[in-house]
Engineer: 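Once you've had a glance at the structure underneath, I'll fire off some questions.
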2 protein chains.
Amino acid sequence: MTPVVTKVERVAGPVGVRFAERRDELARSALQTLSELGYARTSLREIAQNSDFSHGVLHYYFADKVDLITHCVRLYKNRCVLRYDHITDQATTAGEVLDLFVEALTLTLREDALIQRLWYDLRLQSLFEPSFRSDVSLIDRSLRDMVWRVLSRYAELSGDVPAVSGDTAYAIFDGIFSHLIMRQLSGGEDLERLLSRRVRLMFPRLLKGGEA
Amino acid sequence: MTPVVTKVERVAGPVGVRFAERRDELARSALQTLSELGYARTSLREIAQNSDFSHGVLHYYFADKVDLITHCVRLYKNRCVLRYDHITDQATTAGEVLDLFVEALTLTLREDALIQRLWYDLRLQSLFEPSFRSDVSLIDRSLRDMVWRVLSRYAELSGDVPAVSGDTAYAIFDGIFSHLIMRQLSGGEDLERLLSRRVRLMFPRLLKGGEA
DNA sequence: CGATTTCCTTGACAGTTGTCAAGCTCCGGC
DNA sequence: GCCGGAGCTTGACAACTGTCAAGGAAATCG
């Protein structure tokens, strides 16, 4: 649980900015705690305990629990999409697209497995708690678009055309990736190699390949 | 929440059997409540309220909450695998395998979406709560094997060979199916058609297709 | 029929939860 | 330098949680 107890220092800047920055800081801390314990097991008091503040602060900066978690989800989104943004711009060959995509996925698998698990958790919770739904489905769409951009670019540089829709492609890679995340968190080994193999195997199979 | 308040009637048979049957009955009722509210929002009292019994009974038949939910998961497994068992035996052509598989998936999408959502929920919870892990991963393996049997049979009847491992095939169809379940529960329309299209599109692409 | 086991209800417990209000501390402006 | 308010802590609340024990009802068996 790693309770980091540093000195609370008041940040500079106008009131509105300070408020927004504390919100972000608290949400980042909450994101950490949530990713370790999961939605069902995380209380506001636990979140506060793992931050530099006491539990009352959370209601000074957030209206209620839903407000906080919603803000966490929004924060996650920014971090998440960032890692995949450069791929389509930077790559000049189909192989390069694939390499960069695999590299980005590998990095996420290696370093952000807990956050990823939390994303799967919150996405599911949004099916029970409609308050989260709009924020979650916004992220979901942006992930789908990311996958679609990558696949489209890969197809384009291969002189081909995708054989599946963006939704389908996203669902497929989401399935492959989430299963590897789950295996990793269950103590699996050598999953980065599996990830690379599976993604590289699937990409060419998602193109039309000249056939009607 | 549909609280069904019927008369409690004592079942016949020897003590051991009666005990097991009450356990199943309570677990089935719990399964219903869990699938409506989700793991995080379901309490033992809520489960009891939606059954014909009072909340004390649960501790007469189950050691604790984990014991109950574990039993729920086991019950789910039996119901789940049943629907896909006949496919590989019954089908005599590749097209028939595909038809029966799509039909079974469609039925689950249409009638068991809530239970399916619960399965995804509990599978994720098992990543936080190791007590569930062994039961969950047992079901996960049996689902993977089911998908693998279907794909293998499809390949065999096509005079071909699968191009992907059982894990990969399961991950892909799990991704496709779970995304459709989520969309359905978010109020999506015409998803059975999408399901059929996507599964039929993917099957031939998961075969070697004569190439090395 | 009476006694005993089985089954179930009720009520209570200690702990936890989200929420909020009273009040403290300390910075920034007058 | 002092005062107002922003920022934070503390403590309290009602509701809810899993768990358990005492005891009643009902069926079974001698």
Side-chain angles (χ1 to χ4, degrees), chain A residues 1 3 5-27 29-30 33-34 37-72 125 128-129 131-132, chain B residues 1 3 5-27 29-30 33-34 37-72 125 128-129 131-132:
Chain A
M1 216 48 53
V5 186
T6 65
K7 186 68 172 300
V8 177
E9 54 188 66
R10 207 163 286 195
V11 289
V15 180
V17 175
R18 281 202 310 246
F19 192 80
E21 280 183 359
R22 267 284 187 269
R23 264 175 77 95
D24 285 359
E25 185 182 349
L26 285 167
S29 177
T33 305
L34 277 165
L37 301 180
Y39 175 83
R41 278 158 291 278
T42 304
S43 69
L44 292 180
R45 287 173 150 83
E46 190 80 33
I47 289 174
Q49 211 147 21
N50 282 78
S51 78
D52 301 335
F53 304 91
S54 65
H55 69 272
V57 190
L58 290 173
H59 274 89
Y60 183 76
Y61 288 98
F62 298 96
D64 57 2
K65 198 184 182 183
V66 171
D67 186 23
L68 187 152
I69 295 198
T70 298
H71 200 241
C72 287
Q125 297 313 315
F128 296 100
E129 185 80 51
S131 336
F132 301 153
Chain B
M1 216 48 50
V5 186
T6 65
K7 185 69 171 298
V8 178
E9 56 189 63
R10 207 163 287 199
V11 290
V15 180
V17 175
R18 280 204 310 247
F19 192 79
E21 280 183 1
R22 267 283 187 272
R23 265 174 75 95
D24 285 358
E25 184 182 349
L26 285 167
S29 177
T33 305
L34 277 165
L37 301 180
Y39 174 83
R41 278 158 291 278
T42 304
S43 68
L44 291 180
R45 286 173 152 83
E46 191 79 34
I47 289 174
Q49 209 146 23
N50 281 79
S51 78
D52 301 335
F53 304 91
S54 64
H55 68 273
V57 192
L58 290 173
H59 274 88
Y60 184 76
Y61 287 98
F62 299 95
D64 56 3
K65 199 184 182 184
V66 171
D67 186 23
L68 186 151
I69 296 198
T70 298
H71 196 71
C72 287
Q125 297 312 316
F128 296 100
E129 185 81 50
S131 337
F132 300 153

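Just so it is clear: chains get the letters A, B, ... in the order the sequence lines come, proteins before strands, and each one is counted from 1.
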Engineer: Identify, between B:Gly56 and B:Phe19, the residue whose nearest nucleotide on DNA chain C lies closer to the 5' end.
Structural biologist: B:Phe19
Engineer: Quick check on C:dC8: is either OP1 or OP2 less than 4.0 Å from any side-chain nitrogen or oxygen of B:Arg22?
Structural biologist: yes
Engineer: Nearest to the side chain of A:Val57, heavy atoms from C-beta on, is which of D:dC8, C:dT19, C:dC8?
Structural biologist: D:dC8
Engineer: Between A:Leu58 (CG) and C:dC20 (C1'), how many Å, whole number?
Structural biologist: 13 Å
Engineer: Please report the interatomic distance CZ(B:Phe128) to CZ(A:Arg41), rounded to the nearest 0.5 Å.
Structural biologist: 6.5 Å
Engineer: Under a 3.5 Å cutoff, is there a donor and acceptor pairing between the side chains of B:Asp24 and B:His71?
Structural biologist: yes
Engineer: Please confirm whether the shortest side-chain N or O distance from B:Tyr61 to OP1 or OP2 of C:dC8 is below 4.0 Å.
Structural biologist: yes
Engineer: Grab the OH-P distance between A:Tyr39 and C:dT17 for me, whole Å please.
Structural biologist: 13 Å
Engineer: Looking only at side-chain atoms of A:Phe53, point me to the closest of C:dC8, D:dC8, D:dC20.
Structural biologist: D:dC8
Engineer: Can the positive tip of B:Lys65 be found less than 6.0 Å from the middle of the six-membered ring of B:Phe132, inside 45° of the ring normal?
Structural biologist: no
Engineer: Is it the case that the base of D:dG18 and the side chain of B:Arg45 share a donor-acceptor contact (distance under 3.5 Å, atom types as modelled)?
Structural biologist: yes
Engineer: Of all the choices, D:dT19, D:dA12, D:dC8, which nucleotide is nearest to the side chain of A:His55 once you look at every atom?
Structural biologist: D:dA12
Engineer: Starting at CD of A:Glu25 and ending at P of D:dG7, how long is that distance when rounded to a whole Å?
Structural biologist: 13 Å
Engineer: For B:Ile69 and D:dG18, what is the distance between atoms CD1 and C1' respectively, to the nearest whole Å?
Structural biologist: 12 Å
Engineer: Which whole-number value in Å describes the distance from A:Asp64 CG to C:dT17 P?
Structural biologist: 17 Å
Engineer: State whether A:Tyr60 places a side-chain N or O below 4.0 Å from either non-bridging phosphate oxygen (OP1 or OP2) of D:dG7.
Structural biologist: yes
Engineer: Salt-bridged, A:Glu25 to A:Arg22, with N to O below 4.0 Å?
Structural biologist: yes
Engineer: What is the distance, to the nearest angstrom, from the CD atom on A:Glu46 to the P atom on C:dT16?
Structural biologist: 10 Å
Engineer: In whole angstrom, give the distance that lies between atom CZ of B:Arg41 and atom P of D:dT17.
Structural biologist: 12 Å
Engineer: Can you tell me the distance, in whole Å, between the CD atom of B:Glu21 and the P atom of C:dC8?
Structural biologist: 12 Å
Engineer: Pair A:Glu46, A:Thr33 - check side chain to side chain contact (heavy atoms under 4.5 Å, CB included), show working.
Structural biologist: CA-CA 8 Å; A:Glu46 190 80 33; A:Thr33 305; 4.0 Å; yes
Engineer: What's the closest nucleotide to the side chain of A:Ser43 if the choices are C:dT17, D:dA6, C:dT19?
Structural biologist: C:dT17
